[in-house]
Q: 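Take a look at the following structure, please.
A note on names: the letters A, B, ... follow the listed sequences, proteins ahead of strands, and every chain is numbered from 1. Owing to the predicted nature of the structure, the values given are computational and were not obtained by experimental measurement.
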There are 2 protein chains.
Amino acid sequence: MPGRPKQAHSGKVTLADVATVAGVDRSVVSRVLNDDPRLNVRQETRQRVLDTIERLGYRPNAAARSLRTARAYMFGLFIPDFANPVYAEIIKGAEQAANQLGYGLMTASSGGVRLGLQHYLDLLGQSRVDGLLFAGEESGHELERLRSASVPWLLVNRRIEGSRRYVVLDDERGSGLAVEHLAALGHRRIAHLAGPESADTARRRRAGYIAAMAAAGLRAGARYTAHADYTPEGGAGAMRELLAVRPRPTAVFVANVASAVGALRTLHEAGLSVPGDVSVIAMHDMSLAGHLVPALTTVRMPLEGLGRRSLELLATTRPQDDITEVVAEPVEVVVRASTGPPSA
Amino acid sequence: MPGRPKQAHSGKVTLADVATVAGVDRSVVSRVLNDDPRLNVRQETRQRVLDTIERLGYRPNAAARSLRTARAYMFGLFIPDFANPVYAEIIKGAEQAANQLGYGLMTASSGGVRLGLQHYLDLLGQSRVDGLLFAGEESGHELERLRSASVPWLLVNRRIEGSRRYVVLDDERGSGLAVEHLAALGHRRIAHLAGPESADTARRRRAGYIAAMAAAGLRAGARYTAHADYTPEGGAGAMRELLAVRPRPTAVFVANVASAVGALRTLHEAGLSVPGDVSVIAMHDMSLAGHLVPALTTVRMPLEGLGRRSLELLATTRPQDDITEVVAEPVEVVVRASTGPPSA
DNA sequence: CTGAAAGCGCTTACAG
DNA sequence: CTGAAAGCGCTTACAG
C-alpha cells in the first residue's frame with residue numbers, strides 16, 4: 001500500500017522492536033525518547049530511531065515506565081458529582097495545570113463508586129497516580145483511611161479537622177463582598193440563607209456574613225439566618241422561614257446558586273418581586289445564574305484558580321509538608337437583575 | 001502506641017515485605033490477594049496474610065500488576081467540556097458500568113489539553129487504560145490518529161465517516177416525539193432550530209424532524225429550518241431568522257437546550273409570549289430546563305444508558321469488532337410550561 | 001562515549 | 001500441592 005504508513009499490529013510493538021529495526025541498542029531508543037542530554041549520537045541515527053518509532057507506531061508502555069521510574073505522570077481528582085458546575089471549573093483549572101507540568105489528570109466521582117472511596121483507592125493502588133485531589137464531601141471517616149494511602153493527597157475547597165493539607169477559597173471575603181454590595185444599595189435588614197452546618201464552606205460563608213454585618217454596623221440576628229442543604233428544595237424551604245420573620249428582611253445573601261433557585265421560586269410564589277421587595281445575591285457565579293428570572297447577582301470566586309493552585313501544590317510539595325493555602329483573588333460581585341435598592 | 005494500628009512508612013511496602021513478615025512465599029500472598037481458587041492453604045495462614053497486609057498498609061503496585069497482566073482495570077473517557085451537563089449523565093452511566101465490572105473510569109476533557117488529543121494519547125501510552133471512550137467533537141483528522149492507537153476505542157454519541165465503532169442515541173426518534181408532541185397540540189407550522197451541520201447529532205435531529213413532519217402530513221419548508229451552533233447566542237440569532245418567516249411558525253423544535261435559552265430570550269425581547277404565541281420544545285432534558293422561564297418542555301433521552309452501554313461494549317468486545325449500536329429506550333417528552341396549543 | 005545488565009513489583013506456568 | 005524462577009517493558013547506574 002504505497003503512500004499509506006504501515007500500521008503495526010496493534011499494541012504489540014515494544015522498545016526492543018524499535019531498537020532491532022533501527023539497528024541500535026534499546027538504551028539508545030530510550031534515551032532518544034526521553035531526550036537524554038547525555039546521549040551522543042549522530043543526528044542521522046537519532047532521526048532513524050524517530051522514523052522507526054513513527055513507522056512501527058510504537059507507544060511506550062506506561063506501566064513499565066511507571067514501574068521503573070516510580071512516577072505515573074498522572075494525577076487524580078475526586079469530585080462528588082459531575083453535574084455540579086462548580087466542579088467543572090475546578091477540574092478545568094487542575095487539568096490545565098497538570099498538562100502544563102507534563103502530567104495528565106484523571107477525574108472520577110467519589111459518589112459514583114459503588115463500594116465507595118476505599119474501593120477506588122484499592123483500585124488505584126500504588127504507582128497509578130502521583131497524587132490525589134479531593135474536592136468533595138467525603139466524610140472525615142473516609143478521609144481517615146487516606147492517611148494510610150500510599151499516595152500524596154490534598155483537600156480542595158474544604159478543610160477537615162486535624163488535616164494540614166488543604167487549599168480553600170476566601171469564602172469569608174466573598175461573603176463579605178456580598179453583604180457590602182447589599183449594604184451599599186441601602187439594605188439594613190440583610191438575611192443569610194446558609195448551607196448545611198456540616199459543610200466547611202457553609203460555615204465559612206456564614207462567618208463572613210456575620211463579620212461583614214458587624215463591620216457595616218448592621219445586626220445579624222440569629223433569626224435572620226436559615227439553614228438549607230445546598231439544593232433548590234432546601235433553599236425554597238429556608239426562604240419561607242426567612243419570609244416569616246418580622247421585620248421582614250429586604251435582602252438575602254444565599255450560600256449557593258442551587259439554593260437561590262429555590263429561594264427565587266418561593267419569592268415568586270409569595271407574590272414578592274425581586275429585587276423590588278427582596279434582593280437576592282448568591283455565592284459562585286455560573287452560567288445558570290444569568291438565565292434565571294430575574295438574572296441572579298452573584299459573587300464570582302476563583303474556582304478555576306483553586307483547581308490550578310491545588311494541582312500545582314500537589315505536584316511540587318512533599319507529602320509530609322503542611323499545605324494550608326487560601327486562593328484569594330479574584331473575587332468580585334457580578335451584578336445582574338436580582339439586587340437593587342430597598343423599596344421601603 | 002497501643003490501640004492504634006501501626007502505619008507503614010508510606011508507599012514502600014511491597015508484596016515481598018508482606019510475604020517475609022507473614023512467613024510465606026510471595027506467590028502465596030499474590031494468590032490470597034487475587035483469590036486464586038487453586039491455592040490450598042490453611043484458613044489460619046490465609047488470615048495471617050490478610051492481617052499482615054492490613055497491618056503493614058500494603059497496597060499492590062498497579063504498574064507492576066498492569067505490566068505483568070497487560071490489564072489496567074481502568075477505562076478512559078474523553079469529553080469536550082465538563083461544563084456541559086449532557087456529559088455529566090454520560091459519565092455517570094459509564095462510571096457505574098465500569099465499577100460494576102470491577103474497573104475504574106478516568107475522565108478527561110479533550111479540550112483542556114494544551115497539545116490536543118494526540119498529546120494525551122502519548123501520555124497514556126500502552127497499558128494505562130484498557131480502552132477509551134470518545135464522547136466528543138474530535139475532528140475526523142484527530143480520530144484518524146486513533147486508528148494507530150494501541151488501545152481499543154469507541155465513539156459515543158457520534159458517528160464518524162468510515163468508522164464502525166460507535167454507540168449513539170436514537171436522535172431521529174427523539175426528534176420525532178418532539179414534533180408529534182407539537183402536532184398533537186394542534187400546531188401545523190412547526191419550525192426547526194437546528195444545530196451545526198458539522199455535528200452528527202444535529203444532522204440526525206434534523207432528519208428526525210423532517211421525517212416526523214412528513215409522517216404528520218405537515219410541510220417542513222426549508223425556510224422553517226435555521227441553523228445555530230448549540231450556544232445561547234447562536235440560538236438567539238437563529239430564532240430571529242425564524243421569526244422573520246411568513247407565515248410565522250407557531251412552534252419550534254430546538255436541537256439543544258443551550259440554543260433554546262437564546263431562543264427564549266429572543267422571543268421575550270420580541271414581545272411574544274411562550275407558549276401563547278410560540279411553543280418551544282428542546283432536545284435533552286436537564287435540570288436547567290426546569291428553571292427557565294417559562295419552564296422548558298424537553299425530550300429526555302437515555303444519556304446515562306448511553307454511557308453505560310458504551311462502556312459495557314468497550315469492555316466486552318474485541319477491538320476489531322464492529323460496533324454500531326443505537327440506545328433507543330427510554331425516550332420521552334417532559335412536558336413543562338413552554339408548549340401549548342396554538343392561539344391562532 | 002556506549003551498551004550490557006540489573007532491577008522496578010508483580011503473576012503464573014512449571015518443576016519439584 | 002507448593003514455591004522457585006522467569007519475565008512483563010522499561011530506565012539508568014555502571015563497567016568497559
Q: Can you measure B/R42 atom CZ to D/dC1 atom P for me and round it to whole angstrom units?
A: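 Distance, rounded to whole Å: 16 Å.
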Q: Grab the CZ-P distance between B/R71 and D/dC8 for me, whole Å please.
A: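 Computing the B/R71:CZ to D/dC8:P distance gives 18 Å.
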Q: What is the distance, rounded to the nearest whole Å, between atom CG of A/L67 and atom P of D/dG7?
A: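 In whole Å, D/dG7 P lies 17 Å from A/L67 CG.
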Q: Using atom types as modelled and distance alone, determine if a side-chain donor or acceptor of B/T316 lies under 3.5 Å from a backbone N or O of B/E312.
A: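 Judged by distance alone, yes, a pair lies under 3.5 Å.
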Q: State, without any angle test, whether A/D51 and A/Q47 hold a side-chain donor-acceptor pair at a distance under 3.5 Å.
A: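 Side-chain D/A pair, A/D51 to A/Q47: present.
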Q: A/L39 has an atom CG; how far is it from atom C1' of D/dA13, in whole Å?
A: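 Those two atoms, CG and C1', are 15 Å apart.
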Q: Using every non-hydrogen atom in the two residues, find where B/V18 and B/I53 come nearest and quote the distance to one decimal.
A: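 Of all heavy-atom pairs spanning B/V18 and B/I53, the closest is CG1-CG1, 3.8 Å.
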Q: Answer yes or no: does a side-chain N or O of B/R38 lie under 4.0 Å from OP1 or OP2 of D/dC1?
A: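 It does not, given that no N or O in the side chain of B/R38 lies less than 4.0 Å from OP1 or OP2 of D/dC1.
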Q: Taking the P atom in each of C/dG16 and D/dG7, what is the distance between them to the nearest angstrom?
A: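 Straight-line distance between the two P atoms is 16 Å.
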Q: Can you name the atoms? Protein N/O to nucleotides 4-6 of chain C N/O, anything below 3.5 Å, with the distance.
A:
unit_1 : atom_1 : unit_2 : atom_2 : d
C/dA4  : OP2    : A/D25  : OD1    : 2.9

Q: With heavy atoms under 4.0 Å as the rule, sort B/D36 into base, sugar-phosphate or nothing.
A: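 The residue B/D36 makes no contact with any strand.
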Q: Does A/Q126 use its side chain to pair, donor to acceptor, with the backbone of B/R59 at less than 3.5 Å?
A: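 At least one qualifying donor-acceptor pair exists.
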Q: Please check the phosphate of C/dC10 (OP1 and OP2 only) for any side-chain N or O of B/N61 closer than 4.0 Å.
A: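 Answer no for this pair, as no side-chain N or O of B/N61 is under 4.0 Å from OP1 or OP2.
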Q: Without decimals, in angstroms, what is the distance between B/N40 CG and D/dG3 P?
A: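 In whole Å, D/dG3 P lies 12 Å from B/N40 CG.
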Q: Looking at A/D130 and A/A72, would you say the former's side chain and the latter's main chain have a donor-acceptor pair under 3.5 Å?
A: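 Looks like yes, one N/O pair under 3.5 Å.
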Q: Hey, does the side chain of A/S30 come within less than 4.0 Å of D/dT11's phosphate (OP1/OP2), counting only N and O?
A: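 Yes.
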Q: How long is the span from the CG atom in B/L313 to the CD atom in B/E325, to the nearest 0.5 Å?
A: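 These two atoms lie 5.0 Å from each other.
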Q: Step through the shown structure and confirm whether more than 12 heavy atoms of other residues, nucleotides or ligands are within 6.0 Å of OH on B/Y73.
A: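 No, OH of B/Y73 has 12 or fewer neighbouring heavy atoms, counting only those of other groups under 6.0 Å.
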Q: Could you check B/V28 against A/N34 and say which one's nearest nucleotide on DNA chain D is further toward the 5' end?
A: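 Going by which nucleotide is closer to the 5' end, it is B/V28.
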Q: In whole angstrom, what separates A/L15's CG from D/dT12's P?
A: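 Distance check: A/L15 CG to D/dT12 P gives 12 Å.
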Q: Tell me the closest heavy-atom pair linking A/A135 and A/Y87, and the distance in Å.
A: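 Here A/A135 and A/Y87 meet closest at O-CE2, 3.1 Å.
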Q: Could you state the CG-C1' distance from B/L56 to C/dG9, rounded to the nearest angstrom?
A: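 Going from B/L56 (CG) to C/dG9 (C1'), I get 16 Å.
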Q: May I have the distance from B/K12 (atom NZ) to C/dC10 (atom C1'), rounded to whole angstrom?
A: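 Nearest whole value for this atom pair: 16 Å.
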Q: Paired stems touching DNA chain D, three or more consecutive Watson-Crick or G-U pairs with both distances under 3.5 Å?
A: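 Stem list for DNA chain D: C:1-3 with D:14-16, C:5-12 with D:5-12, C:14-16 with D:1-3.
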Q: Can you pull the salt bridge (Lys or Arg N to Asp or Glu O under 4.0 Å) pairs that have at least one residue in residues 24-34 of chain A, sequence neighbours excluded?
A: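 Listed once each, the pairs are A/R31-A/D36.
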